Amino acid sequence: MIGVAILGSTGSIGDSTLDVLARHADRFRVVALAAHSSTAKLLAQCERFMPDYACLVEPSAAAELERALRARGSATRVLVGAAGLNEIATLSAAPYVMAGIVGAAGLESAFAAARAGKRLMIANKEPLVMAGELLIAEARAAGATLLPIDSEHNAIFQCLPRESETGRNPPGVRRILLTASGGPFIDWSRERLAKVTPAEACAHPKWVMGRKISVDSATLMNKGLEVIEARRLFGLAPEQVEVVVHRQSLVHSLVEYVDGSMLAQLGSPDMRTPIAHALGWPERLESGVQSLDLAAAGTLQFEPPDTDRFPCLALAQQAGRAGGLAPTVLNAANEVAVAAFLEGRLNFCGIPAVIESVLAAASTGSATDLGSILAADADARARAALEVRAR
Ligand code: MG
């Protein structure tokens with residue numbers, strides 16, 4: 001039995017991971033579950049999967065979970081806070097760790113898992129965007145295996161030569177193409193985009209996701225972060241990563257080789273595919289995902305992205321080329337701007353405007369250690385909050 005820990009078990013990645021694990025109860029055991037503050041949902045997961053440990057970052061939520069589990073006679077031990085997350089990421093009973101905590105909050109626990117030599121299945125973008133080179137170096141030193149869960153990166157991983165090494169330019173590859181659904185506003189005019197509401201931005205046509213990533217998908221920042229993530233993960237030059245809009249979300253990304261061959265990974269848009277791939281790799285596991293009916297799908301369309309209407313993509317590409325701390329600054333400013341948009345304090349077109357100002361004002365050092373990355377993150381958040389207030 002292989003022990004699995006899930007960081008972010010109450011989010012959509014956590015749900016999908018538990019769904020796949022439940023199909024293979026003879027092969028995997030859920031050792032630990034961690035979430036931010038969803039007590040009721042984590043309690044239900046604990047009752048079903050009976051993990052050794054459960055962690056909530058929010059102390060009062062953790063206390064409530066502790067009371068509820070004790071009242072039910074559960075043997076699950078409750079951990080709390082960032083220290084609890086790190087403990088769960090490094091448990092010797094769980095050699096597989098799913099990192100699915102959204103935002104910069106998932107950074108330290110992902111590093112802890114890498115340093116502990118885990119099979120680290122990365123579903124959150126921030127560790128790779130903010131600290132990709134460091135994370136890959138630490139994972140390599142500790143003998144950890146990094147496997148991408150983000151559907152595009154998992155698709156590319158599947159299309160790359162088997163001998164590729166994380167963070168090193170893969171042999172024979174000319175470029176990769178990241179597909180983008182285009183989000184719910186792909187055909188909207190600039191005027192209409194200015195009036196987008198949070199509810200509209202959170203209703204993604206193809207993927208069911210959390211609110212933050214839904215907004216990122218609508219602004220195309222999600223694709224911009226994925227460009228940075230892909231460059232880090234696969235050791236690619238800026239000109240080797242392109243974005244193509246593909247509305248059907250059936251081709252999850254492509255790799256072009258120097259001989260002109262293009263390999264693509266296709267499938268129903270369901271995160272259980274990349275999750276099952278990473279859990280089983282190099283074997284294949286049943287995931288519960290429906291077969292893709294290509295004849296029913298009919299047409300696959302591809303078109304270039306419009307960075308005039310969706311400037312977040314261009315800002316991310318610019319920050320990715322600048323390198324160093326710029327991707328950290330971009331990510332932090334985006335998190336603050338998206339939160340403000342979701343709370344009705346910033347309009348949709350204010351998101352790229354805030355990010356652009358913060359990027360322009362931030363000092364760009366190199367990302368040599370986690371301390372300097374976290375300091376740049378905090379500084380960019382403070383600047384972004386001021387920018388939001390000034391609008
Ligand atoms: Mg993705």
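These figures come from a predicted structure and were not determined experimentally. Numbering of ligands and ligand atoms starts at 1, following listing order.
- The side chain to side chain donor-acceptor pair (under 3.5 Å) analysis of residues 318-330, with sequence neighbours excluded, yields no pairs.
- His36 pairs by the ring-ring contact (aromatic ring centres under 6.0 Å, His included) definition with nothing, not counting sequence neighbours.
- Arg119 places no side-chain N or O within donor-acceptor distance of the main-chain N or O of Tyr96, the cut-off being under 3.5 Å.
- Within the protein, the number of N/O/S atoms found under 2.8 Å from the Mg ion (ligand 1) is 3.
- With sequence neighbours excluded, no residue forms a side-chain hydrogen bond (donor to acceptor under 3.5 Å, both in side chains) with Arg140.
- Arg231 places a side-chain N or O within donor-acceptor distance of the main-chain N or O of Gly320, the cut-off being under 3.5 Å.
- Taking the six-membered ring wherever Trp is involved, the centroid distance between the rings of Phe157 and Phe234 does not fall below 6.0 Å.
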